[in-house]
Each structure stands twice: as C-alpha cells, then as structure tokens.
**Student:** 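Quick one: this structure, given as structure tokens, is what I'll be asking you about.
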Amino acid sequence: MYAYSKKGSLHGTCAVPGSKSATIRATLFGAIADGVTVIHNPLPSKDGLAALAVARHFGATVVEDEEANTWTVTGLNGKPKVPDTVIDTMNSGTTTSFATGLCALLTDGYAVITGDEQIRRRPWLDELKALRELGAECFTTRPDCECPPMVVKGPIHGGTCHVPGHNSQHISGLLATCALLPAGESVDIIVDNPKEALYVMLTVQWLERFGVKVEASPDFKRYHVEGGQKLKACECLVASDWSGVAFPLVAAVLTDSELTITDVDFNDAQGDKAVADVLIKMGADIEKDIEGHKLVVRGGKKLHGLDEVDMDLIPDSLPVLTVAACFAEGDTKFTNLAHVRIKETDRVAVMQEVLTMCGADIDITADTLTVHGGKPMHCASVPSYDDHRVCMAMCVCGLACEEGEMQVSNPECAAVSFPSFYELMNKLGAGIEVR
C-alpha cells in the first residue's frame, strides 16, 4: 500500500487530535493512581493504545467511551500486579520506558517487556542500569544485545542513579516509580549531557497533575524525587499534539493555502510548539492567537534559510522541518541531532535519503543536517521505513512539489501518532490517496 500526494493546497479550519505524549502519561499515571481518572480527548493512536494495553496488563480497569471521547482508568494505588503475559508495547518507545520503570514496583514476580521490530532494535540498557543502581533486577534476554525483550523485577530503594541524557524517555520512565518509594527514601537522578529536556518536563508537569512533586535543576542535570508520595486520580484534558500540528502547519506554509488550526495550547510543555516560531523566522505568515488557542496561516510566502535551528528540544519535528527547508532560499542548518538518530529510524540519514530522491541537496554529519535550499523539488517514489513522521513529512512534501506525484510506502504507519492524518488533510483539500 502507498500514499500518493501531488501539488495542492489546504483551506479551512481543523483541530489536530490530542497529544500522543500526554495520552501515554495520563493513562499510565492513572493506572497507578489512587482512585478513578477520567481522561478527556485521549489519542487512540497505536502508541496510545499500547499504553492502554500496558495499564490493563498491570491490572487497571480502563473503560473507553468513543461517544464522550474519554478513557476512564481505575487505578491500582501504586501496586501493579505481575502481568500474566508478555507486555507488548508495540512501536511506542515512551510506553516502553514507562512500563520498564513501573515494572520495578513488582516484588513478587518478573515482567517481560518487548515491542515490535523497531523497539527490539532500540537500546534500553541505560534505563536498566539506572534501575539496577536502585536495586532492581533487570536484564535483556539476548546475549550481547542492549535491546528488548527485557525482564524486570523490583523492588527498588532510595539512592542515586545515572542516566545518559540522549534519550529523555529513560529519565521519564524512572520518575513515577521513584515517587512511590517508602516515605523517608529518595532518589537523585543524575543526567549526563541532557537532551529533549522538555519531554522530561512534560512528565514532571503531568506528575504534578496527579499530586507528585519532582525537583529539577535549572540545567536539567539532576532530578530529585522524594518517596512516600501517592499519585491521586484526577480529571484531565489532553491538549492537541503539537508534533502532529506541525504537518498541516508546514503543508499550509509551503502551498497557496489559508488555514486555521484550533485547540492549540501555547502554554503546554510540549516542545514542538516551537515549530511555529521556526517557520515564522523563515518568513512564514503565521498568526499566533494565544488567547484564542489557534494558529492562522496564509501560505505561499517566500521562505529563507536559517543559520541554525537547534533541535535539542524538538527532535520529533526534524522530518517535516527539513521538508520546509528544502523550499526555502539559502541554507538551513539543523543542529543537536545525535538523539534524532535513535528514534524509530535514523531520521537524519533517512531524511537526507528520501529528500535527495526528490532533488534536495543535503549534507549531514553525526550531529547536524544542512539543507541547501531553493533547488527544484520533484515528486518521487520514496520509502517511509515504517516511520510515521517520515511518512507524513513526505506526503507534505508532495503537496509542495511542482512536478509529479509523491508515492510513500507503508502509509498505515501514520496511525502510530496521527491515525486521522489522511482524513484530516483531505477534508482541507489535500487530495492524498491511500491505495
């Protein structure tokens, strides 16, 4: 199956579904909270459903109400049960890290955690080492391999653990578990060279909604968590996913479009809200209505390159921003990319490959990607490598190309984070075909 897109434009108003990152946190924190948590506007993407399945594996009751657009989670008061089968986190790295941390609460049995082929290629030893420092028993099942499947058993105790900062998920995965230590115990998480810090702060923000306090140093190199805390059930709203907003936003900027994107929260901890600012700096006509929670885009304006776009806090937006840079005059240099290479794919190398197939001129190093913009771009048949963000970015690219029809493989992978992507884009006039 392929997705096909060609030159087009977007017109109208849309609201992007709820945040994948927030849905996962709300679901799993609700699962270990005391009481009943009601989650409004959850994202039923593959990753969101993976988190929901993990909650059920631990023994939480989850009721899905499609009509009311809510998930109701009856929590376990910090005492998950030992799963009676293998925990399959599918393609969700965030869910994998939270599940791994929460399994360290188990004291009377072992949990086995695995995922799809991509998850089984991603290293998790850094999080396992941190849990071992705190007393957990955990290991990977394959010799000389740092990737899932993993086996984890608690309990953990207070102390100090160390985590490299290139993957924020490993830090986030520890925080809720540490808060559930006995009173009088505490944990200091020491982070070397922190990246993606806003994703950790998103975790901290959601823990605060559930009544848990985490202290973070200003440089994000140390997190202090006191034990004896309890997650308290709450009623919460999942705001629109800024990393999803980036796709119709860039599509509108690059084409002769008039688009309003509603239901966005400019005060949300999601780092990808900075994508709008990057595009504005490139010359895009974007109006940010902070009080009205919307973006108004008038597309087709000439864009120019930028000397540096630091991707430290917005790694998920590299694929679609590189597409924007291809249609801007001059060079755009994206920096701080080491952690982008260990996502679902090596997105630095993959985006160079697929955009070069469309006429782009791109140089990469271990930590940078430079687009020499303004080259004639044409459509091509490109692989998605089953990476949802690569797939959607290249569909957007097809809308901006003057010639041909973009053909993107395995379009169903978009469901990982944005299951209604094609429907939403086509309601706005994109004309993307999946067949």
Side-chain angles (χ1 to χ4, degrees), residues 8-16 19 196-199 202 239-337 340 351 355 360 362 368-374 377 389 392-393 395-397 399-400 418 424-425 428 430:
S9 58
L10 306 182
H11 297 273
T13 299
C14 70
V16 170
S19 163
E196 308 180 326
L198 286 183
Y199 284 106
L202 182 65
S240 287
D241 188 355
W242 275 103
S243 60
V245 166
F247 296 102
L249 177 60
V250 170
V253 165
L254 296 181
T255 60
D256 186 18
S257 300
E258 292 187 6
L259 178 66
T260 300
I261 303 175
T262 63
D263 296 350
V264 291
D265 184 355
F266 293 94
N267 296 315
D268 195 285
Q270 298 177 61
D272 291 290
K273 63 187 177 185
V275 170
D277 296 319
V278 172
L279 294 169
I280 290 169
K281 289 178 182 178
M282 296 177 76
D285 185 353
I286 300 173
E287 177 187 342
K288 295 167 60 177
D289 183 348
I290 296 174
E291 291 186 0
H293 301 286
K294 63 184 179 181
L295 293 163
V296 180
V297 190
R298 288 168 284 273
K301 308 297 181 184
K302 286 188 177 181
L303 303 183
H304 56 79
L306 297 176
D307 291 338
E308 180 180 9
V309 181
D310 188 339
M311 301 299 293
D312 180 15
L313 301 179
I314 54 171
D316 285 346
S317 292
L318 179 75
V320 76
L321 282 178
T322 56
V323 169
C326 289
F327 293 90
E329 291 295 328
D331 293 353
T332 300
K333 184 175 183 179
F334 298 94
T335 62
N336 255 330
L337 299 183
V340 185
M351 291 311 298
L355 287 171
I362 298 175
T368 67
L369 182 151
T370 302
V371 178
H372 306 291
M377 295 288 290
R389 301 200 190 281
M392 291 185 285
C395 288
V396 167
C397 185
L399 295 175
F418 202 154
L424 181 146
M425 294 290 283
L428 298 169

**Student:** Nearest 0.5 angstrom please: Lys288 NZ to Leu295 CG, how far?
**Tutor:**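 CG of Leu295 is found 8.0 Å from NZ of Lys288.
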**Student:** With the threshold set at 4.0 Å, does a side-chain nitrogen-carboxylate oxygen contact exist between Lys273 and Asp268?
**Tutor:**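 Answer for the salt bridge query: no.
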**Student:** To the nearest 0.5 Å, what is the distance between OG on Ser240 and CD on Gln270?
**Tutor:** 8.5 Å
**Student:** Indicate yes or no: at least one non-hydrogen side-chain atom of Asp316 is less than 4.5 angstrom from one of Tyr199.
**Tutor:**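 When only atoms from C-beta onward are counted, Tyr199 and Asp316 do touch, with a gap below 4.5 Å.
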**Student:** For residues Leu313 and Ala197, report the shortest heavy-atom separation together with the two atoms involved.
**Tutor:**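 Result for this residue pair: CD2-N, 3.6 Å.
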**Student:** Do the side chain of Trp242 and the main chain of Ala274 share a donor and acceptor less than 3.5 angstrom apart?
**Tutor:** no
**Student:** What distance do Cys326 atom SG and Leu355 atom CG have between them, rounded to the nearest 0.5 Å?
**Tutor:**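 CG of Leu355 is found 4.5 Å from SG of Cys326.
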**Student:** So if I apply the side-chain contact (heavy atoms from CB on, under 4.5 Å) rule between Leu369 and each of Thr332, Leu337, Thr335, which one comes out positive?
**Tutor:**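 So the option named by the test is Leu337.
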**Student:** Mind listing the closest non-hydrogen atom pair of Leu399 and Ala251 along with its distance?
**Tutor:** CD1-CB, 4.1 Å
**Student:** Do you know which two heavy atoms are closest between His304 and Lys281, and how far apart they sit?
**Tutor:**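 Smallest heavy-atom distance, with atoms named: CE1-O, 2.8 Å.
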**Student:** Enter the distance from Thr255:OG1 to His11:NE2 here, rounded to the nearest 0.5 Å.
**Tutor:**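 Nearest 0.5 Å value for the OG1-NE2 distance: 7.0 Å.
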**Student:** Would you say Asp263 and His293 make side-chain contact, with heavy atoms under 4.5 Å?
**Tutor:** no
**Student:** Give a yes-or-no answer on whether the side chains of Ser317 and Asp272 include a donor-acceptor pair shorter than 3.5 Å.
**Tutor:** yes
**Student:** Measure the spacing between CG of Leu279 and CD1 of Ile286 and express it to the nearest 0.5 Å.
**Tutor:** 4.5 Å
**Student:** Decide yes or no for Lys294 and Thr13: does some side-chain heavy atom of the first lie under 4.5 Å from some side-chain heavy atom of the second?
**Tutor:**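 Lys294 does not reach Thr13 side chain to side chain.
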**Student:** For a 4.5 angstrom cut-off between non-hydrogen side-chain atoms, does Asp289 reach Val296?
**Tutor:** no
**Student:** Walk me through whether Ile362 and Thr322 qualify under side-chain contact (heavy atoms from CB on, under 4.5 Å).
**Tutor:** CA-CA 9 Å; Ile362 298 175; Thr322 56; 5.5 Å; no
**Student:** I'd like to check Phe334 versus Val340 (side-chain heavy atoms, cut-off strictly below 4.5 Å). Are they in contact?
**Tutor:** no
**Student:** For the residue pair Pro319 and Pro315, what are the closest heavy atoms and their distance?
**Tutor:** CD-O, 4.4 Å
**Student:** Within a strict 4.5 Å, meaning less than it, do heavy atoms of the Arg389 and Ser243 side chains meet?
**Tutor:** yes
**Student:** Determine the minimum heavy-atom distance between Ala284 and Val253, stating which atoms define it.
**Tutor:**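 Here Ala284 and Val253 meet closest at CB-CG1, 3.7 Å.
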**Student:** Nearest heavy-atom pair of Ala15 and Thr262: which atoms, and what distance?
**Tutor:**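 Smallest heavy-atom distance, with atoms named: CB-OG1, 3.4 Å.
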**Student:** Are the side chains of Val16 and Phe418 in contact, using a 4.5 Å heavy-atom criterion?
**Tutor:** yes
**Student:** Quick one: does Ser257's side chain have a donor or acceptor within less than 3.5 Å of a partner on Leu10's backbone?
**Tutor:**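 Between the backbone of Leu10 and the side chain of Ser257 there is a qualifying donor-acceptor contact (under 3.5 Å).
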**Student:** Tell me whether the count of non-hydrogen atoms from other residues, nucleotides or ligands lying under 6.0 Å of NZ in Lys302 goes above 12.
**Tutor:**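 No - once you tally the heavy atoms of other residues, nucleotides and ligands closer than 6.0 Å, there are 12 at most.
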**Student:** If I take atom CG from residue Leu321 and atom CE from residue Met282, how far apart are they, to the nearest 0.5 angstrom?
**Tutor:** 7.5 Å
